Amino acid sequence: MGGYGDVQMIDENGIRVDGRGPGDLRPVSIETGVIPVADGSARVIWGTNHAVAAVYGPMECHPRKIQRQDRAVLDVRYNMAPFSTTDRMRPGFNRRSREISKVTADALESVVLLEMYPRCKVRVEIEILCAEAGTRCVGLTAASVALAHAGIPMTDMVVSVASGKINDVVVCDLNKEEDNYGEADLPMGILPNSGELVFLQMDGDLSQAEFQQAWDYNMEAAMVVHQIMVDALKGGDA
Amino acid sequence: MGGYGDVQMIDENGIRVDGRGPGDLRPVSIETGVIPVADGSARVIWGTNHAVAAVYGPMECHPRKIQRQDRAVLDVRYNMAPFSTTDRMRPGFNRRSREISKVTADALESVVLLEMYPRCKVRVEIEILCAEAGTRCVGLTAASVALAHAGIPMTDMVVSVASGKINDVVVCDLNKEEDNYGEADLPMGILPNSGELVFLQMDGDLSQAEFQQAWDYNMEAAMVVHQIMVDALKGGDA
Amino acid sequence: MGGYGDVQMIDENGIRVDGRGPGDLRPVSIETGVIPVADGSARVIWGTNHAVAAVYGPMECHPRKIQRQDRAVLDVRYNMAPFSTTDRMRPGFNRRSREISKVTADALESVVLLEMYPRCKVRVEIEILCAEAGTRCVGLTAASVALAHAGIPMTDMVVSVASGKINDVVVCDLNKEEDNYGEADLPMGILPNSGELVFLQMDGDLSQAEFQQAWDYNMEAAMVVHQIMVDALKGGDA
Amino acid sequence: MAIPIVPQLLRAHLAELAENDERHDGRARWESRNTELEIGVLRNAEGSAKVRIGDTIVYAGVKFQIMTPYPDRPNQGGLMCSAEIRPVAGPNWEPGPPSPESIELGRVVDRGIRESGCIDVDNLCIIPGEKAWQVILDLFAISDDGNLFDAFALAGIAALKSAMLPEVKFEMSDSDRPLPVSKTPIMCSYHKVGGRFVYDADGREELGGDERIHITLGDDDHVHSLQKGLKGIFTENEFSEIMEHAQSRCKELREMVHNAEEAD
Amino acid sequence: MAIPIVPQLLRAHLAELAENDERHDGRARWESRNTELEIGVLRNAEGSAKVRIGDTIVYAGVKFQIMTPYPDRPNQGGLMCSAEIRPVAGPNWEPGPPSPESIELGRVVDRGIRESGCIDVDNLCIIPGEKAWQVILDLFAISDDGNLFDAFALAGIAALKSAMLPEVKFEMSDSDRPLPVSKTPIMCSYHKVGGRFVYDADGREELGGDERIHITLGDDDHVHSLQKGLKGIFTENEFSEIMEHAQSRCKELREMVHNAEEAD
Amino acid sequence: MAIPIVPQLLRAHLAELAENDERHDGRARWESRNTELEIGVLRNAEGSAKVRIGDTIVYAGVKFQIMTPYPDRPNQGGLMCSAEIRPVAGPNWEPGPPSPESIELGRVVDRGIRESGCIDVDNLCIIPGEKAWQVILDLFAISDDGNLFDAFALAGIAALKSAMLPEVKFEMSDSDRPLPVSKTPIMCSYHKVGGRFVYDADGREELGGDERIHITLGDDDHVHSLQKGLKGIFTENEFSEIMEHAQSRCKELREMVHNAEEAD
């Protein structure tokens with residue numbers, strides 16, 4: 001977190017620069033079937049974030065050496081397009097995208113019934129086309145919808161949201177400025193049916209009480225986003 | 001193409017800086033057997049270009065995964081030696097040499113009878129020791145002679161020449177200065193027996209009429225170079 | 001060798017800056033068992049050099065393609081930790097460490113009875129934690145002790161020492177300043193029981209007579225270090 | 001009608017169709033798939049376009065950087081064009097460093113735009129010898145059902161023509177101004193399928209076809225770039241036929257770019 | 001007692017022990033292995049520490065470089081934290097570029113230290129806009145028997161707290177001065193083994209366990225960094241239990257760092 | 001006489017020949033193959049040489065760049081020596097990053113030249129602290145039938161001795177001047193084949209042999225560089241015998257370099 005205490009991002013009435021209250025989400029919209037050649041796909045517009053996710057498989061797993069006798073391998077990649085950021089991002093895997101790919105895979109593996117497809121591979125590709133804070137959450141949410149759209153069986157979908165702290169106030173779903181200048185960021189991956197977690201990170205500085213507030217905001221927001229995911233899947237392809 | 005219209009490279013009588021007329025080739029000489037450890041090899045001196053090509057194979061194809069059941073694999077590499085250019089060239093494959101390797105392989109695969117050697121590999125190695133414009137043509141021509149020298153069966157040899165445009169005049173076989181400051185470059189790979197093409201690129205600006213003139217120059221020059229190739233192969237090794 | 005003739009490193013009585021005479025070694029101490037998870041390990045403190053070596057194996061050899069039917073493969077790596085040098089060393093294999101790994105492997109392969117473990121691999125890992133001249137010798141010596149500690153059979157241990165020349169005087173076991181500003185460096189890998197060699201390099205400028213003197217110093221020093229190695233192996237783990 | 005996806009069978013199937021001058025999706029030999037162009041679709045890019053040709057979907061985004069001009073060309077800015085086909089775009093695209101195919105794609109599209117001279121690099125100078133604009137055009141495929149070349153080229157020129165030099169962000173002016181783009185080079189690509197060339201091959205035709213030829217033509221039918229790809233032999237007559245079609249089709253696509261510009 | 005090393009059998013074995021609330025080495029669920037900390041152990045590093053937790057042994061070394069501050073932050077120096085687990089550290093660590101595991105390790109440890117704000121980067125400025133100190137913390141494992149995360153984090157903060165800015169070497173002063181480090185962030189890591197979380201898992205427990213959670217707490221129980229790793233689901237209650245243990249254990253380890261400092 | 005190329009059989013065959021003090025191509029133990037040296041063969045290099053030893057053919061080219069001297073050595077230019085053995089040179093050389101063998105080759109040749117002091121780097125300074133010449137010697141094999149070490153070393157020193165500092169191109173003077181090279185270091189390489197060392201091993205002897213020793217001697221028999229390569233044990237007596245031969249052979253090769261220079 002940048003931690004520039006002197007940028008004022010929330011006023012005395014608890015109204016944030018983009019007009020939201022502390023516990024409000026940005027607008028979220030979801031479409032399925034946006035990548036015609038994929039087995040499943042989704043687009044998530046979240047604030048001004050724009051992510052697409054494609055699912056390929058279950059397919060034959062090669063190289064053979066990564067094949068598993070008892071279950072499918074889940075191959076997840078998160079990537080930012082070069083034009084997705086204010087300053088151009090050089091193409092190619094970097095440490096950040098590698099790590100986000102890994103935690104996203106860890107989250108999804110916790111819910112996908114991989115044992116149903118021994119010796120297979122399921123590829124999940126997340127591409128951020130426009131990035132405005134919280135892309136790992138947006139990407140994980142998009143991947144979850146794309147898996148459902150591809151008909152891959154899961155125990156539950158994963159909904160991912162990040163709350164944080166700005167000007168010493170805990171707020172829900174940080175936007176870009178809040179992410180740059182805020183004091184803490186707590187992204188979580190939540191199973192909406194049980195309230196359990198499959199993904200958790202946090203950076204910055206939160207007292208134990210603030211931490212609890214951010215946690216609660218994420219839980220509430222997850223239920224809202226979950227409904228949008230369900231509606232998109234019911235609504236049929238774009 | 002550089003496109004510096006203000007460098008005068010051809011006079012009012014159609015005489016170029018190196019004394020050639022618009023349709024003239026630079027001097028070309030070819031030797032075979034210049035790499036004793038190779039199965040076939042050739043050296044082409046073309047103007048002050050200096051290229052050598054070696055052919056190894058047909059040999060066992062490894063790694064296995066690139067092996068083909070019904071034909072041989074043709075593995076072609078084009079490379080510039082670090083001392084081949086005015087400013088030293090850093091060793092290692094770059095995008096340009098990768099692309100030239102690919103178009104050279106595409107051209108040669110069109111004529112080599114690869115079906116005669118199932119599960120084998122034929123390696124073609126092109127090294128530019130001195131570069132003075134048109135090295136992709138010189139290299140492809142050298143590779144073609146080296147394949148013949150190695151006794152690899154082909155439907156025809158490939159002859160490659162590039163014509164272009166300087167000071168609004170279409171000319172044959174650009175030299176280095178003409179390549180740097182000219183307005184267009186049209187390299188072609190021609191089968192001398194049928195006049196058919198296996199390689200074609202073009203950069204710059206040519207009207208439809210100029211394009212036809214450059215095409216015709218290439219066709220004529222290819223016949224001249226073809227005779228030198230045939231003579232070299234008949235003449236025995238260096 | 002730096003070859004700065006004007007840095008005075010030895011006085012008229014043959015006393016070096018660190019108090020040693022021309023033929024004297026720096027203090028050497030050796031411990032075994034310093035890496036609990038390894039099959040064999042050693043730490044060598046030599047002057048202010050600090051090296052650790054670990055041996056893993058004999059173990060199954062993979063990737064399969066490097067497996068040998070008639071003997072074990074010896075996989076040796078020499079590496080300097082980023083904090084081992086005055087200016088931080090960027091992590092990752094460089095040409096110097098690659099070459100030292102190779103000559104170290106060549107030396108050890110000459111004595112390890114690899115035929116006793118067909119199709120296996122033995123890994124030898126050398127890490128320099130603090131570097132103060134002569135690290136290839138210190139590392140090779142540490143590796144030799146770690147192999148013995150792991151119970152890998154050898155025809156003899158390898159002892160490695162470097163002598164050289166400073167201010168036109170031949171001296172034994174160069175320290176860091178002497179290595180930086182000296183005129184020659186002759187590292188050798190010696191089998192203490194036969195006086196034969198398995199490792200030899202040299203850089204700088206030595207007349208034939210100076211060369212013989214440096215050679216003789218190395219032979220004498222090797223016997224001293226060998227005794228310390230034997231004592232460490234007898235003494236039991238740290 | 002079931003279409004075989006094993007390449008060997010697919011080749012035979014496509015050859016059979018070709019004998020009757022048919023294509024597997026019912027198109028005529030020189031007919032293109034439905035082609036759509038949208039501009040201004042990427043908020044963080046200074047210029048952008050999305051192109052859909054059948055089930056092929058690509059984006060192009062333009063970004064700007066400040067560069068120091070090369071010492072021998074103190075008045076010139078630069079143009080960089082980079083194509084990425086990431087594994088999102090289809091079952092057969094692999095992660096890892098750019099494949100020879102995607103390198104060729106980027107270079108062929110780059111050349112068509114660069115060689116047309118549509119971007120006047122002398123126009124990009126800010127302070128001679130010190131500062132100039134570098135234009136970076138990134139081409140990005142999200143769904144590959146064939147003919148990425150033409151999709152990239154179309155999205156590329158449209159994105160450039162919609163791009164604004166970010167003079168406000170770089171504190172050089174109070175308002176951004178459009179990037180000057182003087183021409184509209186257009187690429188048309190042809191694949192040999194079942195022994196004869198067709199226009200706008202889809203994924204199946206690429207898989208079961210032979211060589212391809214890419215032609216970039218400028219506003220006045222001038223040739224700016226050619227590229228033959230893959231193994232295969234072609235005659236002068238075949239080439240003339242293609243060139244003739246390209247001259248008429250390029251005009252139509254150029255119109256589409258101009259219409260999108262005006263609608264913007 | 002023989003312990004199976006085939007992961008499948010090992011999982012079963014650990015699960016069986018868990019049913020009786022036992023661990024394979026006899027420890028209680030929240031009990032750590034013997035933990036030792038030494039500082040000032042690496043002569044060529046400007047600050048250093050060695051940590052041993054059971055059979056896990058790591059070093060941390062601090063080096064300094066002079067950097068040019070970023071234009072938008074002319075008064076700030078930098079902190080870089082890099083973790084290497086080379087093949088010396090165990091039979092399963094491979095040579096080559098950093099694995100996803102070691103990248104995650106470095107980033108998680110880095111974040112805990114960075115986000116605590118213990119290094120005031122404004123304090124590292126030498127000449128505003130021109131020169132500043134860059135602190136480089138290198139974490140280096142030589143023996144991995146599990147829980148490298150906590151070992152690295154402990155060695156890292158201890159090495160930083162022992163580091164001297166090399167002002168003599170860089171000809172800026174007649175004597176070196178300590179690097180100012182204002183806080184002591186401590187990481188505690190928990191692994192799910194046999195269905196319940198345990199503290200300080202060793203190599204076998206990592207091999208036969210599921211997800212792990214890393215918590216970095218500051219001087220005042222403030223949370224600075226969290227990370228859940230690996231496949232696995234956990235409940236809010238499980239997390240609360242871990243957080244409670246972390247609050248007490250971090251205090252003990254912080255004490256250990258302070259004692260080592262004083263003894264130095 | 002058919003010569004087996006399976007290494008195991010080849011070893012046996014070479015050992016048998018060695019018992020009668022014979023070599024597979026009829027040479028005596030200390031006899032070299034036919035050795036030819038040409039200089040000035042590469043038009044775009046500022047200095048160049050081609051060496052042929054039997055069927056081994058290599059080129060060396062010298063290029064110059066302007067460098068900024070290192071702060072601690074403001075009066076010094078630099079020498080960089082790089083060896084490439086590309087797959088053109090033989091059936092067993094693979095494409096890709098430099099192999100350990102080719103890295104060793106480059107470093108051993110580099111050292112022999114560098115350590116002899118034949119290039120006085122103080123002589124390469126143009127403006128102290130600002131500009132100096134960097135000499136780049138590129139060694140390039142096109143046909144490898146063994147003993148690339150000696151071929152590279154011979155071509156390298158000959159190329160350097162023929163090199164002209166390109167003062168015209170860099171606009172520093174009206175005419176180029178020769179690079180000052182004060183000594184002529186020469187390398188001789190020995191391989192253990194069939195149990196005894198031989199001089200100038202060819203490709204087969206390298207394949208069926210054991211360790212090798214490389215010796216670089218200067219004008220006055222001074223030793224400048226040594227390297228033992230590959231697995232193998234040797235005695236002090238063996239080494240003395242080699243050193244004695246190297247002293248006489250280096251003189252002959254040095255003569256060859258001087259003759260080529262004069263003929264130039």
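Proteins come first, then strands; the chains are lettered A, B, ... in the order of their sequence lines, and each starts at number 1. Atom set for the values below is all heavy atoms of this structure, side chains included, hydrogens, waters and symmetry mates excluded. Being a predicted model, the structure only gives us computed values, none of them experimental.
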Peer 1: Which bit of Ile142(E) is near chain C, if near means a heavy-atom gap under 4.5 Å: side chain, backbone, both or neither?
Peer 2: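 It is both, since atoms from each part get that close.
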Peer 1: Which one of Gly92(C), Cys130(C), Ala54(C) has the most heavy-atom pairs closer than 4.5 Å to chain E?
Peer 2: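 Looking at each of Gly92(C), Cys130(C), Ala54(C) in turn, Cys130(C) comes out on top.
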Peer 1: Where does Asp75(C) contact chain E at under 4.5 Å (heavy atoms): side chain, backbone, both or neither?
Peer 2: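 Contact with chain E: none, neither part.
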Peer 1: Which one of Thr85(C), Asp39(C), Val52(C) has the most heavy-atom pairs closer than 4.5 Å to chain E?
Peer 2: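 Of Thr85(C), Asp39(C), Val52(C), Thr85(C) has the most heavy-atom pairs under 4.5 Å with chain E.
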Peer 1: State the CZ-CG distance between Arg43(E) and Asn49(C), to the nearest 0.5 angstrom.
Peer 2: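 These two atoms lie 10.0 Å from each other.
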Peer 1: Under a 4.5 Å cutoff for heavy-atom pairs, which residue among Ala45(E), Gly54(E), Pro91(E), Ser82(E) has the most contacts with chain C?
Peer 2: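 Among the listed options, the one with the most contacts to chain C is Pro91(E).
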Peer 1: Quick one: pull up CD in Glu125(C) and CZ in Arg86(E) and give me the separation to the nearest 0.5 Å.
Peer 2: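 Between atom CD of Glu125(C) and atom CZ of Arg86(E) there are 7.0 Å.
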Peer 1: Measure the CG-CD distance between Asn79(C) and Glu84(E) for me, rounded to the nearest 0.5 Å.
Peer 2: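 That separation rounds to 6.0 Å.
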Peer 1: Atom OH of Tyr59(E) and atom OG of Ser84(C): how far apart are they, to the nearest 0.5 Å?
Peer 2: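 Reported to 0.5 Å precision, the distance equals 12.5 Å.
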Peer 1: Can you say whether Ala81(C) sits under 4.5 Å from chain E via the side chain, the backbone, both, or neither, judging by heavy atoms?
Peer 2: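 Both backbone and side chain of Ala81(C) come within 4.5 Å of chain E.
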Peer 1: Restricting to non-hydrogen atoms, name the atom on Pro95(E) and the atom on Arg77(C) that form the minimum distance, rounded to 0.1 Å.
Peer 2: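 The answer is CG-NH1, 3.4 Å.
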Peer 1: Is there a side-chain contact between Asn44(E) and Glu132(C), using heavy atoms and a 4.5 Å cut-off?
Peer 2: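 With C-beta onward as the side chain, the pair touches.
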Peer 1: With a sphere of 6.0 Å drawn around CG of Asp174(E), does it hold more than 12 non-hydrogen atoms of other residues, nucleotides or ligands?
Peer 2: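 Open: at most 12 neighbouring heavy atoms sit under 6.0 Å from CG of Asp174(E).
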Peer 1: Tell me which of these, Ala60(E), Pro98(E), Pro97(E), Ala89(E), has more heavy-atom pairs under 4.5 Å with chain C than the rest.
Peer 2: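 Counting heavy-atom pairs under 4.5 Å, the top option is Ala89(E).
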Peer 1: Mind checking the CG-CZ spacing from Asp138(E) to Arg88(C)? Nearest 0.5 Å is all I need.
Peer 2: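 Nearest 0.5 Å value for the CG-CZ distance: 4.0 Å.
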Peer 1: Counting only N and O atoms by type, is there a donor-acceptor contact under 3.5 Å from the side chain of Lys63(E) to the main-chain atoms of Thr86(C)?
Peer 2: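 Confirmed, Lys63(E) side chain pairs with Thr86(C) backbone.
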Peer 1: Name the orientation class of the two ring planes belonging to Phe83(C) and Phe140(E) (parallel below 30°, tilted from 30 to 60°, perpendicular beyond 60°).
Peer 2: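 Perpendicular.
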Peer 1: Tell me, out of Ser143(E), Ser48(E), Gly61(E), who's got the most heavy-atom pairs with chain C below 4.5 Å.
Peer 2: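 Heavy-atom pair counts peak at Ser143(E).
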Peer 1: Determine the minimum heavy-atom distance between Asp55(E) and Val37(C), stating which atoms define it.
Peer 2: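 For Asp55(E) and Val37(C), the tightest heavy-atom pair comes out as O-CG1, 4.1 Å.
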